[in-house]
Each structure stands twice: as C-alpha cells, then as structure tokens.
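Structure record follows, encoded as structure tokens.
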Amino acid sequence: MGKRAGERRRGPKCIAIVGPFASGKTTLLEAILARTGAIPRQNPVSSGNTIGDSSPEARAHAMSVEATFATADFMGEQVTFADCPGSIEFTAEMDPVLAACDAAVVVAEADEKKIPALQLILRRLEELAVPRILFLNKVEKSEAGVRDTLKLLQPASRTPLLLRQIPLRKNGIVVGSIDLALERAYIWREHAESEVAAIPDDEKAREIEARFSMLERLADHDDTLMEQLLEEIEPPRDEVFDDLSADIRDGSVTPVLIGSAEHGNGILRLLKTIRHDAPDVEATRERLGVPASGTVAQVMKTVHTPHGGKLSIARILSGMLQDASELTTSGGKTAKVSGIYRMLGSQQSKLSSASAGDTVALGKLDEADTGDTLSADKAAPKRLAEIEFVQPVYAVALKPRERKDDVKLSAALQKLGQEDPSLGIEQNQDSGETVLSGHGEMHLRVAVERLEGKYQIPVESYVPSVPYRE
C-alpha cells in the first residue's frame, strides 16, 4: 500500500459497532449485512425481523440489550461485526467485545444531547487504543452542515475528527457524497450501490477547501506531504491513501464518513474503508501482547441457547482451533470445545475449525466466562482483558411464584449471571431474599423477562426488605 501503512491488512477482521443510544447501530448492521449479501434484504428495526435485536426482550423494548455478532464476506474477505448496545444501562456489554476487536465503527449524529454518551465511548476506545472510524448517520435529516456538526462532536474526541466525505446537495437536499480522497461524487440510490459522477461545478470550491483541510491534518504526521502542500504540489493519490491508513491504524486521527443507514447510503464506502484501512488480528495481538505462536482466544460474550447449551463467542487471536480441542482458561480450568460455529445473530452454522482472526461461537465450554483468555497450552494464560464493571445502582428481590421452582431459579440465575456479568446476584443473609442488582430499571426488567421467557420460570420481583447497598 505504501511506506507508512505497509501492506493492506487482509484476513478475518472483527469490528465493533458502538455509539450512543438510538444512533442507528442496529440499522447500520442490517444495512451492512444486506449490502454484503449475508441477508437477502435490509429490514427496518420496527419490523422485528433484524439480525441485531433478535432476542424477544430487545424486540419488546425496541432497543439493543446485548451484543450481537454477525459475520459477512466482503470482496472475498471475512468480517465479523459486533453490534453493542448504546443505552448506559447495558454498556457493560461493550468492554469484553472491545478487548479483542481490531477497530470500532462509532455511529453518531448531530444531536447535542448525545455528546456526553459519545464522549464516554470515545474515551474508552482511546484508553484501550482501539482504532476507530466515525460514521455520521442520518445526514439526510440533519439541518446542520457537516463541518458545523464536526465542531459540535470534536470536544468528545481527544483525537482529531478527520472529514473524509462531504454531502452532495441538490435544492438543499442531501442526494449523495463527495469523497475527498478520491475526488469523486457519488449519487446515492436507495439500498443500492451509488452512482459515480463528476463533482458538480458549483461544488468544486467547497470540495477543494475541504480536501485541503483533510490533507493539512494528514500532513501533521507526514513531513513529505507537508512540503508538498507548502510548495503547492498535488500529492499522489496513493500517498494520500497511505497516510489515511497509517493514521487510522495508529489512532492519531478518527476519520469521519457520512451516510444514512436507514436508506443503505454510504455503506459501501464504509466497508471499503474497513477493508483497506482497518488493522487486522496481527495488530490486535501486538496491542494485547499475544505471541503469534500457539493457540489463544478471547471470550467476548457468553450465551445460553435453548437447544445448543452454552456458547462462548470468542476471537481466535493466534493459531488454529479444531473441534474437540482442549483449552485452559485464564483461571487455570480446562474445558473441551464441543462445536465451532459462525454467527449471524441468533443463527449458527457449524465449522470444522477456526483460524487466527476468526470470531466464532465455541460450544459447551462450561468452565469459560466472558472476559476469559483461552489457550491450547496446559499452563493458564495471562488474562488479556481486566474488565471492571460499574457498581450496580438498582436492585429488586426475586422469588418464584411456585415454591417448586426454587432450584430452577437458582440455576437460571447462574446462567443469567454468565450471560451478563454486570448483574449482581446475592442471597441476603439478613432477609433470606434473593437480590438481583443492576444498572437501572430497564436492565433489571430485561433480566426478569429473560427468567420468565427464556428460562420459563415465573417470578415475582419487589423492593428488597433490606437495602442491598448502604
């Protein structure tokens, strides 16, 4: 690719989709899956048929309540997307995912009220040194200009927000985009590939100004580019792309792409940016300090399925994993893989093996927990991700409606705690009550709904008679 970025990073990638509540993350995942052919068409969230938000609880409340994983193929390469909830009550789902992903797509919009949530997400990505791309969603609905929107969003990010595209307008309506690196216009089409067009004459001055601003920012890390700009020499396009890739991978800039997930606009450009510029598992290994030799995997999510039992969704960081392989957890326990699956939301397809870079579900690893590091060596691997959950702020006491369900409730709560480690589950010694604590009323409401729906245990919830927290 170039002397700064090196070769294009190929192979399976894992990309987190994060952002404030109701910014359009699940819609973006659906648009990506439709564009890559992983699903036949893009369904609106309101239909209740999206790959993300596939659980009954998510659909009942029209919001993401857990991380959803879906793998797609784009231009001959495999990418797994992890759609993380945006509600503050469910953000604990994000950290285990970010620990092993290669990059994150941050979905944002021109909404001042969502800046604090955006800032928390960007700060966490910066702390973990995860490269990021900001997808400015709903541009067709925004009255503010893109550059004004960037001024609004910039205080949320410690790294510069680098505008890669500007809107193409006709009669005041956004009809497409202008790519500042390619110097090309794209006319958007509903849920279809954009039409390439020449930049209109009345947009050229705006494009030249925006492109120069982008190049100036890139020149902060490239002396040759700085000299070319000072001497008014047009830099070669390949060198511009080389700088963009290098700066994204080392986290020195956050590129900003624009689009409309609802209408499937801007999706192809986003996918191409991920393909060409995002780092791969080799860079993630370096970030986490994982050697290339041996087999190491990181558990990002635990799911209990009605028929398949426990699934540990994991990123293979190095080596190759076969079905029936024996692994050691970071806690020193051993577990045997019983099935390897590719994920598409709640759908699974069986695989015979998984290689470095793959994100797969591993069956029946009873001893593995979310956040665990797994190794094919007998010695316990060092835990790669120290996940600290925020202290719960809300609690309810639980009891089964029928006494015969006491034992079943205890077993179901254990599974619930594995699926969502941010829940607190304890037996209050003073009152004898089973107390469930979490990060808000909705968080606990979803937990109770899972007990009653997924685990078929009718329960009563009430305010505990003894405060769970002094």
Between [Y] and [X], is the closest basic N to carboxylate O distance under 4.0 Å?
X: K454; Y: E419; value: yes
X: R450; Y: E66; value: yes
X: E127; Y: R158; value: no
X: D277; Y: K272; value: no
X: R59; Y: D53; value: no

[X] side-chain N/O to [Y] backbone N/O, donor-acceptor pair under 3.5 Å:
X: D377; Y: A379; answer: no
X: R132; Y: V106; answer: no
X: Q165; Y: L257; answer: no
X: T36; Y: I32; answer: yes
X: K25; Y: D83; answer: no
X: D372; Y: D369; answer: yes
X: R35; Y: A192; answer: yes
X: E239; Y: L225; answer: no
X: E109; Y: L136; answer: no
X: T329; Y: K333; answer: yes

Point to revise | Aromatic plane relationship, H263 with H191 - under 30° parallel, 30 to 60° tilted, over 60° perpendicular | key: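 Ring orientation of H191 relative to H263: tilted.
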
[Y] and [X], any side-chain heavy atoms less than 4.5 Å apart:
X: V253; Y: R217; result: yes
X: L215; Y: D243; result: no
X: Y341; Y: S349; result: no
X: T334; Y: L327; result: no
X: P381; Y: L374; result: no
X: R124; Y: L120; result: no
X: V139; Y: P167; result: no

Practice item. Mind checking the CG-CG spacing from L416 to L451? Nearest 0.5 Å is all I need. Key: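 It comes to 5.0 Å.
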
Practice item. Identify which one of R315, R9, K13, R10 satisfies the salt bridge (charged side-chain N to carboxylate O under 4.0 Å, His left out) criterion when paired with D102. Key: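 Of the listed options, the one satisfying the test is R315.
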
**Study point:** Neighbour count above 12 (heavy atom, 6.0 Å) for R287 CZ
**Key:**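 Counting neighbours around CZ of R287, more than 12 heavy atoms of other residues, nucleotides or ligands fall under 6.0 Å, so yes.
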
**Study point:** Heavy atoms of other groups near K382 NZ, more than 12 under 6.0 Å
**Key:**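 No, NZ of K382 has 12 or fewer neighbouring heavy atoms, counting only those of other groups under 6.0 Å.
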
Review point. Which of these passes side-chain contact (heavy atoms from CB on, under 4.5 Å) with V256: L163, T149, L162?
Key: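 Going through the options one by one, the only one that passes is L163.
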
Check your understanding: When E262 is tested against each of K141, E190, E30, K138 for side-chain contact (heavy atoms from CB on, under 4.5 Å), which residue passes?
Key ->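 Filter result, single survivor: K141.
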
**Study point:** Between F90 and H443, ring centroids under 6.0 Å
**Key:**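 Aromatic pair counts; centres sit under 6.0 Å.
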
Practice item. Could you give me the CA-CA distance, side-chain angles and deciding distance for T27 and T50, then say whether side-chain contact (heavy atoms from CB on, under 4.5 Å) is met? Key: CA-CA 8 Å; T27 303; T50 55; over 6 Å; no

Review point. So K336 and E326, salt bridge (Lys or Arg N to Asp or Glu O under 4.0 Å) or not? Walk me through it.
Key: CA-CA 4 Å; K336 190 174 184 179; E326 196 167 89; over 6 Å; no

